[in-house]
Amino acid sequence: MMKSLYVGAALLVAATMAVPAAAQESPLKRGSVWVASRIDVLPGQNPAYTDYLATQWKKEMEWGKSQGHILSYRIMSTNHARTGEPDIILLIEYKDYASAAERDAISKRFNEAMNTDRLKTAAANLEREKIRTSMGSTEYQEWIVR
């Protein structure tokens, strides 16, 4: 009986403490998702890579915008890049994180719109390795102060 009383009292205390915590809302809310891809353009390949960015890459980004998945995109250059730093950073702002099923559906629609498939995409990526080296990507999620 005493044990039940202690358990009940503990639950009552926990419940009263949880209400104020639940009532508090974070001063931040999650915003859009940014992907920053770091690119090292190989010596003498800047014209070829900038042509790719101005044509195929832009076409892909504009398709993403027209579908509502991409909010914006930017091409940033590094002024006076030092050894180990990228020459170019590609920034893509996405509406949010898509679920796995959504990504598969988006990928299928993208491949149809761009008249490509995973094998052609892999071959195109390999071809771009002749003019640039991908140094990886980082994802960021914006936090907005309420």
Side-chain angles (χ1 to χ4, degrees), residues 7-146:
V7 171
L11 288 174
L12 182 62
V13 169
T16 59
M17 292 175 71
V19 171
Q24 293 177 359
E25 190 171 319
S26 172
L28 302 174
K29 71 175 187 169
R30 294 185 183 273
S32 58
V33 175
W34 289 81
V35 175
S37 299
R38 298 174 309 280
I39 305 296
D40 179 33
V41 180
L42 298 177
Q45 296 300 320
N46 198 54
Y49 193 64
T50 55
D51 284 350
Y52 159 75
L53 292 174
T55 56
Q56 185 62 34
W57 190 77
K58 181 179 179 181
K59 178 181 175 184
E60 294 169 6
M61 296 301 104
E62 289 297 323
W63 180 86
K65 282 180 69 175
S66 74
Q67 300 298 303
H69 308 300
I70 293 176
L71 298 178
S72 67
Y73 59 93
R74 307 270 189 288
I75 302 170
M76 309 295 281
S77 67
T78 304
N79 295 331
H80 312 294
R82 296 168 290 198
T83 302
E85 293 181 339
D87 300 308
I88 293 175
I89 297 175
L90 304 176
L91 294 172
I92 305 171
E93 181 185 16
Y94 294 93
K95 174 177 69 170
D96 54 22
Y97 286 108
S99 71
E102 288 172 323
R103 282 194 306 268
D104 287 345
I106 291 166
S107 181
K108 184 178 179 181
R109 287 195 315 271
F110 173 82
N111 286 342
E112 289 170 359
M114 297 296 135
N115 192 30
T116 192
D117 58 33
R118 69 178 180 79
L119 295 176
K120 289 179 186 175
T121 299
N125 286 338
L126 187 59
E127 188 65 25
R128 275 195 301 285
E129 286 299 316
K130 295 177 183 175
I131 60 175
R132 62 93 170 116
T133 301
S134 174
M135 300 174 74
S137 297
T138 306
E139 286 186 1
Y140 303 94
Q141 185 159 32
E142 181 179 18
W143 282 8
I144 302 165
V145 178
R146 295 180 191 258

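In what follows, every heavy atom counts, from backbone to side chain, and hydrogens, waters and symmetry copies are set aside.
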Chemist: For a 4.5 angstrom cut-off between non-hydrogen side-chain atoms, does I92 reach M61?
Modeler: yes
Chemist: Once you round to the nearest 0.5 Å, how far does OG of S107 lie from CG of D117?
Modeler: 10.0 Å
Chemist: Are any non-hydrogen side-chain atoms of R30 and E142 less than 4.5 angstrom apart?
Modeler: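 Sidechains of E142 and R30: no contact.
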Chemist: Under 3.5 Å, side-chain donor or acceptor atoms of residues 72-81 against the rest of the protein: list the pairs with distances, not counting sequence neighbours.
Modeler:
from, atom 1, to, atom 2, distance (Å)
S72, OG, E93, OE1, 2.6
Y73, OH, E62, OE2, 2.5
T78, OG1, P86, O, 2.8

Chemist: Between the side chain of R132 and the main-chain N/O of I39, is any donor-acceptor distance below 3.5 Å?
Modeler: no
Chemist: If you count the non-hydrogen atoms of other residues, nucleotides and ligands that lie under 6.0 Å from CG in N115, is the total more than 12?
Modeler: no
Chemist: How about F110 and W63: are their ring centres within less than 6.0 Å of each other?
Modeler: yes
Chemist: Would you compute the distance between atom CG of D104 and atom NZ of K108 and round it to the nearest 0.5 angstrom?
Modeler: 10.5 Å
Chemist: Is any side-chain heavy atom of Y94 less than 4.5 Å from a side-chain heavy atom of V35?
Modeler: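 Y94 vs V35: side chains touch.
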Chemist: Quick one: are Y52 and R128 in side-chain contact, heavy atoms under 4.5 Å?
Modeler: yes
Chemist: I need the Q141 CD to E139 CD distance, nearest 0.5 Å.
Modeler: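 Between Q141 CD and E139 CD, I get 9.0 Å after rounding to 0.5 Å.
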Chemist: Can you establish whether the number of heavy atoms outside R118 located under 6.0 Å from its atom CZ is more than 12?
Modeler: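 Atom CZ in R118 is not crowded, with 12 or fewer foreign heavy atoms closer than 6.0 Å.
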Chemist: I'd like to know whether NZ of K120 has more than 12 heavy-atom contacts from other residues, nucleotides or ligands below 6.0 angstrom.
Modeler: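 For K120, atom NZ is crowded (more than 12 foreign heavy atoms under 6.0 Å).
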Chemist: Which residue, I88, I89, L90, L91, forms the side-chain contact (heavy atoms from CB on, under 4.5 Å) with S37?
Modeler: L90
Chemist: Mind listing the closest non-hydrogen atom pair of M114 and E60 along with its distance?
Modeler: SD-CG, 4.1 Å
Chemist: Taking D51's backbone N and O only, do any of them form a donor-acceptor pair with T55's side chain (distance below 3.5 Å, no angle check)?
Modeler: yes
Chemist: Taking NZ, NE, NH1 and NH2 as the nitrogens, is one of them in R146 or E25 under 4.0 Å from a carboxylate oxygen of the other?
Modeler: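 Here R146 pairs with E25 in a salt bridge, since their nearest N and O are under 4.0 Å apart.
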Chemist: Ion pair present between R82 and E85, side-chain N to carboxylate O less than 4.0 angstrom?
Modeler: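 So R82 pairs with E85 through a salt bridge.
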Chemist: Which value, rounded to the nearest 0.5 Å, describes the distance between N111 atom CG and T116 atom OG1?
Modeler: 5.5 Å
Chemist: Quick check: closest heavy atoms across K65 and L71, and the distance to 0.1 Å?
Modeler: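 Shortest heavy-atom contact: CE-O, 3.9 Å.
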Chemist: Checking V41 against D87 for the side chain to side chain contact (heavy atoms under 4.5 Å, CB included) test, could you report, in this order, the C-alpha distance in whole Å, the side-chain angles of both residues, the deciding distance, and whether it holds?
Modeler: CA-CA 6 Å; V41 180; D87 300 308; 3.8 Å; yes
Chemist: Is there a donor-acceptor contact under 3.5 Å linking the side chains of H69 and R103?
Modeler: no
Chemist: Quick check: closest heavy atoms across Q45 and K130, and the distance to 0.1 Å?
Modeler: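 Taking every non-hydrogen atom into account, CG-O, 3.9 Å.
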Chemist: Under a 4.5 Å cut-off applied to non-hydrogen side-chain atoms, are T50 and W57 in contact?
Modeler: no
Chemist: What are the two closest heavy atoms between Y140 and A36, and how far apart are they?
Modeler: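 That would be CE1-CB, 3.9 Å.
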